[in-house]
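First the structure, in the form of structure tokens, and then the observations on it.
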Number of protein chains: 2
Amino acid sequence: MPPRKRATITDVAAAAGVAASTVSRAFTRPGRVNQHTREHVLAVAEELGYAPNPAARALESGRTGTLALLVPDITNPYFSGVIKGAERAAAAAGLTLVLGDTAENPGQEEQLVRRLGPAVDGFVLSASRLPDEQLRRAAELNPIALVNRATPGVACVVADFDSGTRQIVDHLASLGHRALVFLGGPPESWSGARRWAGLQAAAARAGLEVRRFGPYVPTLGGGPAAADAVIAAGATAVVAHNDMLAIGVMQRLAERGVGVPTDVSVVGFDDIVGAEFCHPTLTTLAERTEDAGARAVEAVVAQVLTRASEPPTRVLPTQLVVRRSTGPVHTAPPN
Amino acid sequence: MPPRKRATITDVAAAAGVAASTVSRAFTRPGRVNQHTREHVLAVAEELGYAPNPAARALESGRTGTLALLVPDITNPYFSGVIKGAERAAAAAGLTLVLGDTAENPGQEEQLVRRLGPAVDGFVLSASRLPDEQLRRAAELNPIALVNRATPGVACVVADFDSGTRQIVDHLASLGHRALVFLGGPPESWSGARRWAGLQAAAARAGLEVRRFGPYVPTLGGGPAAADAVIAAGATAVVAHNDMLAIGVMQRLAERGVGVPTDVSVVGFDDIVGAEFCHPTLTTLAERTEDAGARAVEAVVAQVLTRASEPPTRVLPTQLVVRRSTGPVHTAPPN
DNA sequence: CAACAAATGGCAAACGCTTGCCATGTGACG
DNA sequence: CGTCACATGGCAAGCGTTTGCCATTTGTTG
């Protein structure tokens with residue numbers, strides 16, 4: 001198989017009997033060439049299967065028409081929403097979206113930002129694990145928008161965890177719980193910190209006692225360790241860093257004969273797709289992830305177009321979805 | 001915020017007091033420069049935060065150091081395995097992996113291949129929805145490897161559906177089922193076709209009757225329609241195109257008061273992460289998705305290095321994971 | 001019909017990097 | 001001490017586009 005040569009702009013120009021610059025303009029500056037020549041050029045290009053070489057284009061113009069979205073763990077269904085939303089918005093803006101997985105690893109994330117940096121028009125960093133300082137530096141080189149992470153001077157869209165955690169605590173309190181345990185996720189997680197802070201504040205208001213365990217890895221695999229700690233502590237209500245962990249906890253609880261919600265109520269964060277078909281179905285705080293992804297892309301696009309001075313922060317509402325994993329406290333050993 | 005200028009190779013060269021070519025070689029041809037100068041150059045580069053511009057590099061060398069992995073639906077946990085495996089292999093080869101979502105849409109897929117084509121060193125197309133002809137043409141321009149899709153002349157790695165479907169049928173037959181219904185997915189899906197063909201062959205061998213319903217959309221959302229059809233048909237065993245659909249079916253079945261596996265047994269394909277925590281847990285055919293992703297990347301890398309003449313086809317074993325969604329037939333209305 | 005403006009096309013210089021080729025310096029060998 | 005080979009660095013020519021500028025054609029206006 002001959003590694004066939006890709007048609008270049010010069011090929012098209014020659015075939016169409018015009019100069020390369022005309023071909024270029026036919027694509028990028030429709031008004032700049034005669035309607036008639038333009039059609040001809042486009043037809044010839046189509047016939048030759050010509051597609052402008054993005055590398056060459058980027059070199060001169062600095063624009064690549066590509067946005068990168070980095071997430072800590074593609075595997076986590078939570079990010080599916082962000083991805084979908086970002087894709088929609090990117091498509092609407094005529095941009096190609098590429099995804100990168102940072103494996104929850106700041107080093108990996110930094111490397112991706114460095115390598116991809118010159119090759120994309122901007123970044124959406126979802127749940128970035130990078131320290132503020134590094135984010136700010138990266139933001140100087142590329143337009144950046146953060147999702148569920150706030151850093152002064154960088155555009156970001158975050159979920160309203162204050163209201164969300166209050167909803168959780170109120171729900172639990174109304175079921176008679178007097179204390180709850182928070183199962184923490186990765187220490188670098190900004191939203192993890194916000195969740196914990198919100199929980200503490202809300203609990204103080206409602207007169208609940210709170211403790212924090214962990215950190216645990218925020219996946220199914222983190223479940224057993226967390227669940228065992230919960231059992232040992234005799235908690236009646238636990239709030240997990242995210243749904244994957246919550247589901248892992250419930251699995252382990254079931255394994256150990258602890259009833260949910262009879263013996264302990266479990267709450268997650270994210271409302272991932274599995275939350276509605278795990279067993280029991282999971283009470284969880286839903287975020288508007290698609291919106292978040294879309295807004296973030298829009299923020300990046302805005303920066304590309306106009307170097308806005310003060311990047312905006314947007315707060316998206318959250319909503320507690322009550323399912324079967326939470327219930328009234330059961331005063332242990334039956335009356 | 002001044003859109004700070006990125007350091008270029010000339011900046012580094014000037015700062016290090018050498019020629020640009022030396023800087024270039026310090027990075028790409030370690031043996032070609034003096035160990036001493038090389039260290040110096042690298043140090044200066046690091047200090048300036050220099051990262052080679054991939055676009056410029058690609059322009060001259062034709063190599064971008066980037067691989068693209070396209071999947072029909074990032075949201076589907078099935079592809080998580082492929083992605084993980086591909087990432088691992090790409091990292092091992094020193095390549096950056098970017099992901100693209102084709103939204104189950106051949107048009108979108110084609111556009112991505114066109115746009116990304118000149119910007120990457122090769123593609124892994126997972127469950128491609130593109131017609132053979134187009135795949136072959138794309139393969140002329142870029143090294144390509146297919147996952148769960150076979151096209152003559154293009155490298156591919158596929159799951160062993162023949163053995164897999166036989167396992168499913170044997171399992172069902174041994175539970176006393178005499179007939180089964182296949183709930184089809186997207187018509188363009190190659191693996192869907194293979195699954196159906198395998199099922200038919202295996203059923204014929206085992207003396208089972210098979211019918212095919214659908215196509216349904218291979219997500220939770222496809223469940224209700226499929227489940228209702230199953231109920232109407234009075235089937236005792238159904239095999240769904242994939243796990244998402246299977247879980248959606250089970251949800252709907254539960255809603256309509258049909259017991260799984262008491263009244264109907266359900267089997268899926270893929271063994272996604274949710275299969276072990278849905279209710280009941282799902283019997284499903286597991287593929288070695290991570291391996292598949294890794295092998296595919298390796299195949300692409302091999303093509304990049306040596307324009308091999310005959311691209312290989314690799315078949316990966318499959319394995320039926322029996323869980324709680326399948327059971328013995330229950331001769332309906334109780335004895 | 002002259003004078004000028006607008007529309008349109010071409011030329012050539014970048015963009016940041018790689019690489020073939022040449023020039024110089026160094027050590028080995030006879 | 002003269003040759004030669006090798007190691008190392010620099011020069012300059014691209015790679016496929018975009019874009020500022022100029023030349024030409026065409027159309028408008030007085």
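Lettering of chains follows the sequences in order, A, B, ..., and the numbering in each one begins at 1. Scope of the values below: all heavy atoms of this structure, side chains included, with no hydrogens, waters or symmetry mates.
Each of B:S21 and B:L59 lies near DNA chain C, and the nucleotide nearest B:L59 is the one positioned closer to the 5' end. Nearest-nucleotide mapping onto DNA chain D: of B:R25 and A:V23, the residue sitting toward the 5' end is B:R25. The residue among B:R32 and B:R57 whose nearest nucleotide of DNA chain C is located toward the 5' end is B:R57.
Between the side chain of B:S126 and the main chain of B:V147, no donor-acceptor pair closer than 3.5 Å is present.
At the phosphate of D:dC15, neither OP1 nor OP2 sits under 4.0 Å from any side-chain N or O atom of A:T8. Within the 4.0 Å cut-off from OP1 or OP2 of C:dT19, at least one side-chain nitrogen or oxygen of B:R29 is found. For C:dG10, one of the phosphate oxygens OP1 or OP2 lies less than 4.0 angstrom from a side-chain nitrogen or oxygen of A:T22. One finds no side-chain N or O of A:N53 lying less than 4.0 angstrom from the OP1 or OP2 phosphate oxygen of D:dT17. For the pair B:S24 and C:dC17, the criterion of a side-chain N or O lying under 4.0 Å from OP1 or OP2 is not met. Note on A:T37: every side-chain N or O is 4.0 Å or more away from OP1 and OP2 of C:dT8.
At the heavy-atom level, A:P118 lies nowhere under 4.0 Å from the strands shown.
Looking at B:R137 and B:E133, a side-chain N of the basic residue comes within less than 4.0 Å of a carboxylate O on the acidic one, giving a salt bridge. A salt bridge links B:D132 and B:R149; the closest N-O separation between the charged side-chain nitrogens and carboxylate oxygens is under 4.0 Å. For the pair B:E298 and B:R88, the salt-bridge criterion is not met [side-chain N within less than 4.0 Å of a carboxylate O].
Rounded to whole Å, atom P of C:dC17 lies 15 Å from atom CZ of A:R115.
Of the listed nucleotides (D:dG9, C:dC17, D:dT17), D:dT17 has the atom at the smallest distance from the side chain of A:Y50.
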